[in-house]
Amino acid sequence: MYYGHEETKKLSQEALLDVAMHIVHAVQKAPQITGHLEIKTAVVTGDELLPIIELLEEVGEDEMVLWMDGMSYRTAYEEGTPPVLLLLGADLTKSKSNWDCGACGFPTCGEFNRYSKLHHGMGLSSFGPSCMLNTLDFGIASDWSCAAASKYDIENRIHVSIGLCGLYLAYIDDVSSMIGLSIGPVKEFWYYNRPIWTRKYDKEFNRSFFLEIMRTQYPSMFQTFTGNAHPPIKDYDKWWDKDAQDFVKIDADPEINAVKDGLVGKIMSIVPDKRARVEEFKARAKEEGRS
Amino acid sequence: MPNIWINEWPPNAPPNLESKECSLIAAKLMMNAAQTAPVTGGVDNVEGEIVYGQRELEDLARKMEELAYSLGNKKKEDQWKYEAVMVRESDVVLFIGNYRAKETPFDLNCGVCGGTMDCSYVYERRRVAAGQIDITDRSLCETAIDGPLCGVRVGDLGYSVGSALWMAKTLFVDCRPFISVGIAGQKLGYCPDSVIVVGLPIATTSKNPYVDIHYDYHVINMEKMIDSVRKSYIIPRQAGPDYRLRRLQRDEGEAGEGED
């Protein structure tokens, strides 16, 4: 039997699913400190990635990391080489270990559990409060998923961003935290040295996007001599020729505040429709014996 | 180059020390793996310390036994003591700690620590000045670990510990993660900048010292078994004859040497 280049590429793409299942072996074999934490897994492929891709794109309008991940996923999907996504989830909100270690802020696990039950809530990417030993064990299992993927020499990346999309869309039930491991596409780089991101770069994009982030976040790097609270900030070339200098000034920004304040509302408005689609996927998987 | 003779038995004899030194190399490689583990934002936040030597491991085991009682947690008293034995049976211990979980949270508003859309759960329970967590008052901590901690940082510590464990697995040295060992090591001053430390005892022995542990392991284990032979056998031995004066008859009809 002989497989040519195109067929080999196609088959190696299909084999990502096998690799995902082997990674699940490593996840479930990962050593634990508590010995109690149940790590739940789900594997998502093909069209059933679309609700996640759309959520990444829509929330990504306001959050850069999600934007970049959404772009990487969308392009891989449209090129016919979507990654296989392994989702890992666990309920970290109940402490069963009885260590009374105090890392959660309570003197005993019992007090933590009582507080956790009464104050169960959600942050931007996770439900909480969480037992810190559970959190450690979840980290170990997540790391083993990455380590297993690296042994297969497959492009991979573990993402909080995709985990939070999985959590919002309930790809796995009854978990408080979720993380996503992208497996493939079969390329040297997709999530590091991002090729899709690199395509966006030209002199203007570098200047208006990347260097502007640097100037905003690290103005001291660009600061000229100052004797007062508003140091002048250099532009990228010939700042001395500008009619008006830039200065650092910390002030309320109603526009950005509105975006930040509206982020959760925005997520909540776009999640229900996508979540209904995910429920359909889950129901179909159950009917077909995949769940 | 001289031969290198390696033998597990007896413990801490030169042939055993040769293999313990290999475990030490493994510990160093494990720490390298821990440092390359994926972490949130790619931000460095772990430190490591390696403890090696019979006296040093004994000190660590004794600290664990002390904590078994002084922390007053009856539910874990046995586990502390069993795991102290495992430390004695180890070649080396690698400590990995996170030095950001208390003082410099990730400030992501993720909700892991307190289930809220901000980091208030941690900041409200800490002294704060100028938007920074003030860690100078260490008397506030009455528990083994000084919480609350940033869940993102603790998760990152899990990744680092995971990579160290993966390296151990790859090198075929036995290793497991223990919070008891980590707490005791921290109390002894290892990983001095860290608020939460995990202990990773490492052993190169025919039997993995960290599994198949029975109840009352703190009083019934290999070291105690051997000592029980040492403490008992000496006594009946004294009922023996003077071997120089009388040879024991081995076969039927054979005269024992020195018989009348």
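Reminder, nothing fancy here: chain letters follow the sequence lines and each chain counts from 1. Only heavy atoms go into these numbers, but all of them, side chains included; no hydrogens, no water, no symmetry mates.
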Task: For the student: nearest non-hydrogen atoms of B/Ser180 and A/Trp99, plus distance - done: CB-CH2, 3.6 Å

- [ ] Report yes or no: does B/Lys75 contribute a side-chain atom to a donor-acceptor pair with the main-chain N or O of A/Asp100 at less than 3.5 Å?
- [x] no

Task: Structural part of A/Leu133 lying under 4.5 Å from a heavy atom of chain B - done: side chain

TODO: State, to 0.1 Å, how close B/Ile145 and A/Ala103 come at their nearest heavy-atom pair, and which atoms those are.
DONE: CG2-CB, 3.6 Å

Task: Most contacts with chain A, counted as non-hydrogen pairs under 4.5 angstrom, among B/Gly155, B/Gly147, B/Ala164, B/Cys175 - done: B/Gly147

Task: Heavy-atom donor-acceptor pair, B/Asn73 side chain to A/Asn98 backbone, under 3.5 Å - done: yes

Task: Portion of B/Thr116 that has a non-hydrogen atom of chain A nearer than 4.5 angstrom - done: backbone

Open item on the list: Please check if the number of heavy atoms outside A/Ile250 that lie under 6.0 Å from its CD1 is greater than 12.
Closed with: no

- [ ] Measure distances from A/Tyr115 to the heavy atoms of chain B and classify the residue's part below 4.5 Å as side chain, backbone, both or neither.
- [x] side chain

Open item on the list: If I measure from the heavy atoms of chain B, does A/Cys146 come under 4.5 Å with its side chain, its backbone, both, or neither?
Closed with: side chain

- [ ] May I ask you to establish whether B/Lys169 and A/Trp144 are in a cation-pi arrangement, using a distance under 6.0 Å from NZ or CZ to the six-membered ring centre and at most 45° from the ring axis?
- [x] yes

Task: Leading residue by heavy atom contact count with chain B [cutoff under 4.5 Å; candidates A/Cys131, A/Ser97, A/Gly128, A/Ser116] - done: A/Gly128

Task: Heavy atoms from other residues, nucleotides or ligands near CZ of A/Phe210 exceed 12 (cutoff 6.0 Å) - done: no

- [ ] Report yes if some heavy atom in the side chain of A/His119 is under 4.5 Å from a heavy atom in the side chain of B/Tyr121; otherwise report no.
- [x] no

Task: Toward chain B, the part of A/Val264 with a non-hydrogen atom under 4.5 Å - done: side chain

Open item on the list: Shorter than 4.5 Å, heavy atoms on both sides: which option in B/Cys113, B/Gly151, B/Gly114, B/Gly182 has the most such pairs with chain A?
Closed with: B/Gly114

Open item on the list: Quick check for you: to the nearest 0.5 Å, what is the distance between B/Cys150 atom SG and A/Met132 atom CE?
Closed with: 8.0 Å

Open item on the list: If you define the side chain from C-beta out and look only at heavy atoms, does anything of A/Cys104 sit under 4.5 Å from B/Pro148?
Closed with: no

Open item on the list: Which atoms of A/Ile33 are under 4.5 Å from chain B, going by heavy atoms: the side chain, the backbone, both sets, or neither?
Closed with: both

Task: Option in B/Leu165, B/Leu157, B/Thr170 with maximal non-hydrogen atom pairs under 4.5 Å from chain A - done: B/Leu165

- [ ] Measure distances from A/Ala26 to the heavy atoms of chain B and classify the residue's part below 4.5 Å as side chain, backbone, both or neither.
- [x] side chain

Task: Largest heavy-atom contact set with chain B, pairs under 4.5 Å, which of A/Pro107, A/Ser126, A/Ala30 - done: A/Ser126

Task: chain A contact via B/Ile179 - side chain, backbone, both or neither, heavy atoms under 4.5 Å - done: both

Open item on the list: If you count every heavy atom of other residues, nucleotides or ligands that lies below 6.0 Å from A/Met214 atom CE, does the total exceed 12?
Closed with: yes

TODO: Mind ranking B/Leu149, B/Val161, B/Val112 by heavy-atom pairs under 4.5 Å with chain A and telling me who comes out on top?
DONE: B/Val112

Task: Non-hydrogen atoms of A/Ser142 and B/Tyr159 that approach each other most closely - done: CB-OH, 3.1 Å

Open item on the list: For the CE atom on A/Met221, are there more than 12 heavy atoms of other groups (residues, nucleotides or ligands in this structure) within a distance under 6.0 Å?
Closed with: no

Open item on the list: Tell me whether the count of non-hydrogen atoms from other residues, nucleotides or ligands lying under 6.0 Å of OH in B/Tyr215 goes above 12.
Closed with: no

TODO: Return the minimal non-hydrogen interatomic distance between B/Pro38 and A/Asp143, and the atom names on each side.
DONE: CD-OD1, 3.4 Å

Task: Interchain contact, B/Val198 with chain A, by part (heavy-atom threshold 4.5 Å) - done: side chain

Task: Interface moiety of A/Phe138 toward chain B, non-hydrogen atoms closer than 4.5 Å - done: neither

Task: Among B/Lys76, B/Lys102, B/Arg176, residue most engaged with chain A (heavy-atom pairs, under 4.5 Å) - done: B/Lys76

Task: Residue B/Glu77 versus chain A: region with a heavy atom under 4.5 Å - done: neither

Open item on the list: Whether the side chain of B/Asn109 engages the backbone of A/Leu124 through a donor-acceptor N/O pair (distance < 3.5 Å, no angle test) should be reported.
Closed with: no

